[in-house]
Amino acid sequence: QVQLVESGGGLVQPGGSLRLSCAASRSIFSSVINYMAWYRQAPGKQRELVARITTAGTTSYVDSVKGRVTISRDNAKNTVYLQMNRLKPEDTAVYYCNTQLISGLGFWGQGTQVIVSS
């Protein structure tokens, strides 16, 4: 199976920035990818979709992060990124990388912790 490994999480002050990376253990060909996405789960809350990018490059974001977050991908490096700016305490969560293939199979990373606090 495809293994996804997240990195880039950490502790930042409100207003700071982080770039999360998700690297695949093997090549993910565009022809079999439905989408790549980032989810997050804050303490005591359900997991939510933060951002998604399709093979065609179409992106979508949850309202709470629009204007502050950008999802991008580099197929040559089998990597998807989540650039987060002007971070807020409510952005604190474990962030998970997710990829769904056109076959319906989905793959998840182990998660990376993001803490936004003074």
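Side chains included, hydrogens not; waters and symmetry mates left out as well; all remaining heavy atoms used.
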Exercise for the section: Give the cluster check for L20 versus Y35: same hydrophobic cluster or not, with ILVMFWY residues linked at side-chain heavy-atom distances below 4.5 Å. Expected result: no
Exercise for the section: Scan for side-chain hydrogen bond (donor to acceptor under 3.5 Å, both in side chains) pairs involving residues 86-96, sequence neighbours excluded, and state none if there are none. Expected result: R40-D91, R40-Y95, R68-D91
Problem - Under 3.5 Å: donor-acceptor pair, side chain of Q13, backbone of S118 - result: no
Practice task
Report yes or no: do I53 and V69 belong to one cluster of Ile/Leu/Val/Met/Phe/Trp/Tyr joined by side chain heavy-atom distances under 4.5 Å?
Solution key: yes
Practice task
Give a yes or no on whether L4 and I71 share a hydrophobic cluster (residues Ile, Leu, Val, Met, Phe, Trp, Tyr; joining criterion: side-chain heavy atoms under 4.5 Å apart).
Solution key: yes
Completion exercise
Heavy-atom closest pair (L82 atom, A51 atom, distance to 0.1 Å) is CD1-CB, 4.0 Å
Practice task
With the side chain counted from C-beta on, respond yes when C97 and W108 share a heavy-atom pair under 4.5 Å apart, and no when they do not.
Solution key: no
Fill in the blank from the handout: Value for CZ (R73) from OG1 (T59), rounded to nearest 0.5 Å, stands at 10.0 Å
Problem - CG on L101 to CE on M36, rounded to 0.5 Å - result: 10.5 Å
Problem - Same cluster (ILVMFWY, side-chain, under 4.5 Å), Y81 and Y61 - result: no
Handout entry: For V114 against L18, the heavy-atom pair lying closest together
Key = CG1-CD1, 3.9 Å
Practice task
Please say whether more than 12 non-hydrogen atoms of neighbouring residues, nucleotides or ligands are located less than 6.0 Å from CD in Q113.
Solution key: yes
Exercise for the section: Check whether any side-chain N or O of Q110 sits under 3.5 Å from a backbone N or O of V5 as a donor-acceptor pair, and report yes or no. Expected result: no
Completion exercise
Shortest non-hydrogen pair, T79 vs S21, comes out as CG2-CB, 4.4 Å
Problem - F107-V94 co-clustered via ILVMFWY side chain contacts under 4.5 Å - result: no
Practice task
For the residue pair N85 and Q83, confirm or rule out a side-chain donor-acceptor distance under 3.5 Å.
Solution key: yes
Exercise for the section: Any chance you could measure K66, atom NZ, to S60, atom OG, to the nearest 0.5 Å? Expected result: 8.5 Å
